[in-house]
Amino acid sequence: MQNILSCLLFLLLPFVGSIPAAAQYDNVFFRLKPSPQKGLLLYQAGAYEKAIPFIKQAIEQEHNSQFVLMLAHSYALTGKANDAVRLYRQVGDPQQLEARHLLAYTLCLQSLGRTEEARSSFYAYLGKIGEQTEVAEDLGKSDLYRTAIRYSVHPLSINSRQHEFAPVLTKEGILFVSDRKRGGIVKRSFSSHVTDLDVYKAEARSNTRFVNYTRLEHTVNSSLHEGPATLDTVGNIYFSRSERNGQLSLWFAKARAEKDAWQEAQKIKIPVSGNMFHPAVSADGRLMFFVSDRTDGLGGTDIYYSVLQDGEWSEPVNAGPKVNTPGNESFPVLQESKLYFSSDGRIGLGRLDIYEALLSGTRVIHVRNMGAPLNSSEDDFGLVWLPDGSGGYFASNRKGSRGGDDLYRLDYHVIHLEGTVLDSTNQKPLAGARVELLNPDGSTRQVVTNSAGAYNFTLYPGESYKLNIEAKSYRSRTLSYSTLQGKQYGKRQFQVALERKTKIFVLGNVRLPNKKRASHTQVIVYDMAGGKPDTLQANERGSFEVELDTESTYSFLLGCDALGGVAEFTTSSRTDASLSHYLNIDLTEQQQYKVTGRVEGAEAGKPLVLWLTNSISNEQLLLWPENGRFSFDATSLAGYELCLQQGSKSRTLYLSQGWKEPQREVVLSLQ
């Protein structure tokens, strides 16, 4: 970020004799000082870029480890990570450095992609400052690259050779902060390179093209620094401003009726002993998160929140250790129940990484690193999402930036699967087909095709899915669908053809033992492939008719008073499916009997489970044998499968049909 965060922190720190820090080296007295003194004064003032040549001269005159540390720290804070790491290692074991240098060394390693080294030194840093926080517990849990394929990043046309950052959505485009040159305005340098931060607006012509950028009116911008800013739903603006005494404070300007116009800004009165900047306000303007360097915080800069009550802002509350770390937290953005912020106090992908905090009111439930490509090996900050979730905007000084910090568009890639279900015979669309999508996490989504046989799902790149498609009178299909390859966003077409179930007609006759027709016999037809059984009744002549699907086996169970019968019919063996088939079934006396059993070899104290399956109806019954004994009622028409289990031991027994006695005893011996 070319030290933009440091610039904002040191923007107007308490001055010597109320003279800006820059003035310390803008006079004849400063120029007469020796190089070591010049380097020290500039380093202490936060003017790291300007301090570097003088510190190097001091080292050439007298090799002093303190000046080497100052030079390494200046390199670290101005984005020269390789030079910083080299110098820190010249001093000795980096893990023996004092805390602020060890943190700077860690962030340099991280920006160079040396994650494991950075992780080790970060643990050493936490141990040095005595922190036992959730920061350490969360390290390494996120797969920072897992969702990288779901996003793409594009620079905005508005970027210049100066700095642009802190985007804010408006109805016409965006607001942003920049230090771009202004003609006729005397610039003031408050740190290593930043001059006159102001709030600008720009109109959107496309997702990445913005035009007509202009500096906001004087009611917001002044001769000092302004920004970042934020808006509530009625257009009131909240922003940071530096004051001439060196203090950073929060300001508020009420919206006027004209577009992008505000009344004179007023300072927000929040009882804070320290600098306040980077406001993030809720839609109703009653909750505000902001950044402060209060001495009671958890690190360099922390995120706090305050609530508007009876026209006054409450005492600030620290957002807590789930958000704040021993490092620096900054650039909060509040959108509904989520707080986005940047931090250099965690091991991620770069110096400043963007994090998402899920909120319940003001309580932080969970924090996660947003991962690549939003985060890079450099500084990434100020994320704001578009209302439709299709993407957002943020700032970064990643490789390829036009000038320091640039604005980028983040596109959230989704695949719109536009499917169609057809009849395989005539290719006509099938309305009312049920399409079930099995997501990679095991959850499901279901839709029904419309009159055009169409359905759609939103999918994500880099995943594998399953589609289950069913339609009445058609064979169901289960298909795999992958987004690992191919176009990673936009629309995809997917057609599925279902085959009609070929039907055959079974004409049945039911006869009594004396060969006479059995009128009004109840007939239950079980499809052994599953599904709900069909129940019908024979007419007065004992005849019935049923339509069956091919390629399945059916069981016919018949009952009439004390008589019963059973028959199997396999349609897959019928080659003349277009014709009717005849089935004659003779009823016999239906014998009811009781099965009693005992279990041998069971372990005492462990539960026994017995699954009972009826061979005709395929119905299952769960029994819990007590003291090793069980019983159930059975019929001679059916066979039964008994599956007994206790822990890892099991036993299966099949009881054949046709039993004629009133009672049947069995023994199950566990193996």
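Please read these numbers as outputs of a predicted model, since none were measured by experiment.
- Around the CD atom of Gln309, the shell of radius 6.0 Å holds more than 12 heavy atoms that belong to other residues, nucleotides or ligands.
- Put simply, the side chain of Phe176 does not reach to within 4.5 Å of the side chain of Leu156, judged on heavy atoms.
- The shortest distance between side-chain heavy atoms of Glu243 and Ser249 falls below 4.5 Å.
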Side chain to side chain contact (heavy atoms under 4.5 Å, CB included) between Leu69 and His101, intermediate numbers included = CA-CA 8 Å; Leu69 282 174; His101 288 300; 4.1 Å; yes
Please lay out, stage by stage, how Asp232 and Asp284 fare under the test side chain to side chain contact (heavy atoms under 4.5 Å, CB included).
-> CA-CA 6 Å; Asp232 60 24; Asp284 61 5; over 6 Å; no
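- Panel note: side chain Ser240, backbone Leu250; no donor-acceptor pair is recorded below 3.5 Å.
- Under the 3.5 Å distance criterion, the side-chain polar atoms of Ser314 are matched with a main-chain donor or acceptor of Val307.
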Could you go step by step and tell me if Asp179 and Gln162 meet the side chain to side chain donor-acceptor pair (under 3.5 Å) rule?
-> CA-CA 6 Å; Asp179 63 342; Gln162 282 71 45; over 6 Å; no
Could you check Arg398 against Glu378 for salt bridge (charged side-chain N to carboxylate O under 4.0 Å, His left out), going step by step and ending with a plain yes or no?
-> CA-CA 5 Å; Arg398 61 187 58 198; Glu378 301 300 329; over 6 Å; no
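- Around atom CZ of Arg256, more than 12 heavy atoms belonging to other residues, nucleotides or ligands sit under 6.0 Å away.
- Salt bridge present: Arg100 and Glu98 bring a charged side-chain N and a carboxylate O closer than 4.0 Å.
- Asp380 has its side chain out of reach of Ser342: every pair of non-hydrogen atoms, C-beta onward, lies at least 4.5 Å apart.
- Residues Val384 and Gln335 are in side-chain contact: their nearest non-hydrogen atoms beyond the backbone lie under 4.5 Å apart.
- Within the 4.5 Å cutoff, the side chain of Arg209 has no heavy atoms near those of the Arg409 side chain.
- We find that Glu226 and Arg241 are joined by a salt bridge, their nearest charged nitrogen and carboxylate oxygen being less than 4.0 Å apart.
- Within the 4.5 Å cutoff, no side-chain heavy atoms of His366 are placed close to those of Lys322.
- The closest donor-acceptor contact from the side chain of Ser292 to the backbone of Met276 lies at 3.5 Å or more, if one exists at all.
- Between the side chain of Ser396 and the backbone N or O of Asp379, at least one donor-acceptor pair lies under 3.5 Å.
- Closest of all the heavy-atom pairs between Ala84 and Ala72 is CB-O, 3.5 Å.
- You'll find the ring centres of His413 and Tyr151 outside the 6.0 Å limit.
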Dump the intermediate steps for side chain to side chain contact (heavy atoms under 4.5 Å, CB included) on Phe341 and Val323, then the final yes or no.
-> CA-CA 9 Å; Phe341 65 96; Val323 169; 3.8 Å; yes
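- Note: Phe289 and Tyr305 have tilted aromatic rings, judged against thresholds of 30 and 60 degrees for the angle between ring planes.
- Ion pairing between Arg205 and Glu203 holds under the 4.0 Å rule for side-chain N and carboxylate O.
- Atom CD of Glu312 is surrounded by 12 or fewer heavy atoms from other residues, nucleotides or ligands within 6.0 Å.
- The pair Asp344-Arg351 fails the salt-bridge criterion, with no side-chain N (NZ, NE, NH1 or NH2) lying under 4.0 Å from an Asp/Glu carboxylate O.
- Between Ser121 and Leu109 the shortest heavy-atom distance is OG-CD1, 4.0 Å.
- The distance between the ring centers of His278 and Phe331 falls below 6.0 angstrom.
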Kindly determine whether Asn328 and Ser330 satisfy side chain to side chain donor-acceptor pair (under 3.5 Å), including the steps that lead there.
-> CA-CA 7 Å; Asn328 296 296; Ser330 55; over 6 Å; no
Please step through side chain to side chain donor-acceptor pair (under 3.5 Å) for the pair Tyr48 and His73, ending with a clear verdict.
-> CA-CA 9 Å; Tyr48 303 109; His73 199 220; 5.2 Å; no
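- Between the side chain of Thr301 and the backbone N or O of Asp293, no donor-acceptor pair lies under 3.5 Å.
- Checked by atom type and distance alone, the side chain of Asn221 pairs as donor or acceptor with a backbone atom of Val199 at under 3.5 Å.
- The two residues Ala395 and Leu407 come nearest to each other via the heavy atoms CB-CD2, 4.3 Å.
- Using a 4.0 Å cut-off between charged nitrogen and carboxylate oxygen, Arg402 and Glu164 do not count as a salt-bridge pair.
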Met288 vs Thr230, side chain to side chain contact (heavy atoms under 4.5 Å, CB included): CA-CA, chis, key distance, verdict = CA-CA 10 Å; Met288 180 163 58; Thr230 185; 5.9 Å; no
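- In terms of heavy-atom proximity, Ser160 sits nearest to Asp406 at O-OD1, 3.8 Å.
- Side-chain contact between Thr219 and Gln263: absent, with no pair of heavy atoms (C-beta onward) separated by less than 4.5 Å.
- A cation-pi contact links Arg346 to Tyr355, judged by a cut-off of 6.0 Å to the six-membered ring centre and 45° from its axis.
- Taking the ring centre of Tyr412 as origin, the terminal cationic atom of Arg150 falls outside the region bounded by 6.0 Å and 45° from the ring axis.
- For the residue pair Ile237 and Leu175, the shortest heavy atom distance occurs at CD1-CD1, 4.1 Å.
- Counting all heavy atoms, side chain and backbone alike, Leu169 lies closest to Trp385 at CD1-O, 3.2 Å.
- Counting heavy atoms from C-beta outward, Tyr393 and Leu410 have side chains that stay 4.5 Å or more apart.
- Under a 4.0 Å N-O distance rule, the pair Glu49/Lys80 qualifies as a salt bridge.
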Please step through side chain to side chain donor-acceptor pair (under 3.5 Å) for the pair Arg180 and Ser178, ending with a clear verdict.
-> CA-CA 6 Å; Arg180 56 185 62 196; Ser178 180; 3.2 Å; yes
